[in-house]
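Have a look at the structure below, then the notes.
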Amino acid sequence: MPGTLFIVTAPSGAGKTTLVRGLLERDPRVQLSISYTTRAPRPGEQDGREYHFVDSQTFRTLRDRGEFLEWAEVHGNYYATSKVWLKEQIAAGRDTLLEIDWQGAQQVRKSFPDAVGVFVLPPSLEELERRLRGRNTDSEDVIQRRVLGARGEMRHVGEFDYVIINNELQVAVDDLVAVVRAARLRYANQQLRQPHYFDFLEQD
Ligand code: 5GP
């Protein structure tokens, strides 16, 4: 009985990480996939918790060995999702969430066409910039690059099944919880997970 794969994408600063944390607290049946990155850890980030932090050489080696389901360059750093781990988790029936960019989402959809795509929009580009500054962990140069990139990323919103506007965090978390719940109610899911409710189909 396969699990459901969720892809959550947003320009950085849209509040995706906080939103996803809110979902995980409300729904412990969803687990997060830990990506590989060549980006340096931010203060408070731990190897193996937020990311597997690796150097460029290690990243290339893993990539060339075919360990990644998808990989992308985002804001000058490399990011990737582990292929074997994710396939195992989905096959074992665990609902798993990927926080990846739109390029990764496009690649993942090829291997997992039933994946549920969610795009998180900030209330406005001005608010996005304000949040990036408030984070106080990135240099001005990095912030400018991210603000510029955000508009381009947001153009891909139409490739996703659901759109969540992250204006008020609690409302946005409710929305994400609702998406996960709705996905579990899809016919194919229900039929696989609770087949006895469908016994009537066998009767005349
Ligand atoms: P950050 O450096 O702020 O944690 O993440 C920057 C961007 O990289 C975000 O848009 C995030 O979704 C994306 N990202 C994180 N992990 C992955 C991954 O495994 N694959 C891809 N394609 N993008 C990722």
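Note that ligands are numbered from 1 as they come in the structure, with each ligand's atoms numbered from 1 the same way. Along the sequence shown, the residues carry numbers beginning at 1. It should be emphasised that the depicted structure is a prediction, and the values quoted were computed from it without experimental measurement.
With atom 5 (O) of ligand 1 as the reference point, the heavy atom nearest to it among Tyr51, Trp71, Tyr36, Phe68 is part of Tyr51. Here the shortest heavy-atom distance to atom 16 (N) of ligand 1, taken over Ser35, Ala150, Gly104, Ala14, belongs to Ser35. Of the listed residues (Leu86, Leu132, Asp101, Val142), the one carrying the non-hydrogen atom nearest atom 22 (N) of ligand 1 is Asp101.
In summary, the aromatic rings of Tyr51 and Tyr36 are positioned with their centroids too far apart to meet the 6.0 Å limit.
Here is the list of ligand 1 atoms found below 4.0 Å of a heavy atom in Arg39: 1 (P), 2 (O), 4 (O). Heavy-atom proximity to Ala10, at under 4.0 Å, picks out these atoms of ligand 1: 10 (O).
Dense packing is recorded around CD of Glu140, with more than 12 heavy atoms of other residues, nucleotides or ligands lying under 6.0 Å away. Residue Arg151 places its CZ atom among 12 or fewer non-hydrogen atoms of other residues, nucleotides or ligands, all under 6.0 Å distant.
Looking only at heavy atoms of the protein, atom 20 (N) of ligand 1 is closest to Glu70 OE2, 2.6 Å. The single protein non-hydrogen atom nearest to atom 7 (C) of ligand 1 is Val74 CG1, 3.7 Å, given as residue, atom name and distance. In terms of protein heavy-atom proximity, atom 12 (O) of ligand 1 is nearest to Lys16 NZ, 2.6 Å. In this structure, atom 3 (O) of ligand 1 lies nearest to the protein heavy atom Arg42 NH2, 2.9 Å. Counting only heavy atoms of the protein, atom 6 (C) of ligand 1 lies nearest to Tyr79 OH, 3.5 Å.
Residues Asp174 and Arg26 meet the side-chain proximity criterion, which asks for heavy atoms closer than 4.5 Å. The shortest distance between side-chain heavy atoms of Leu98 and Val8 does not fall below 4.5 Å. The side-chain heavy atoms of Gln106 and Glu70, taken from C-beta on, include no pair separated by under 4.5 Å.
By the 4.0 Å heavy-atom criterion, Arg146 is counted among the residues contacting ligand 1.
Of all the heavy atoms of Ala80, the ones lying under 4.0 Å from any atom of ligand 1 belong exclusively to the backbone.
A cation-pi arrangement, defined by a distance under 6.0 Å to the six-membered ring centre and an angle within 45 degrees of its axis, is present between Arg109 and Phe160.
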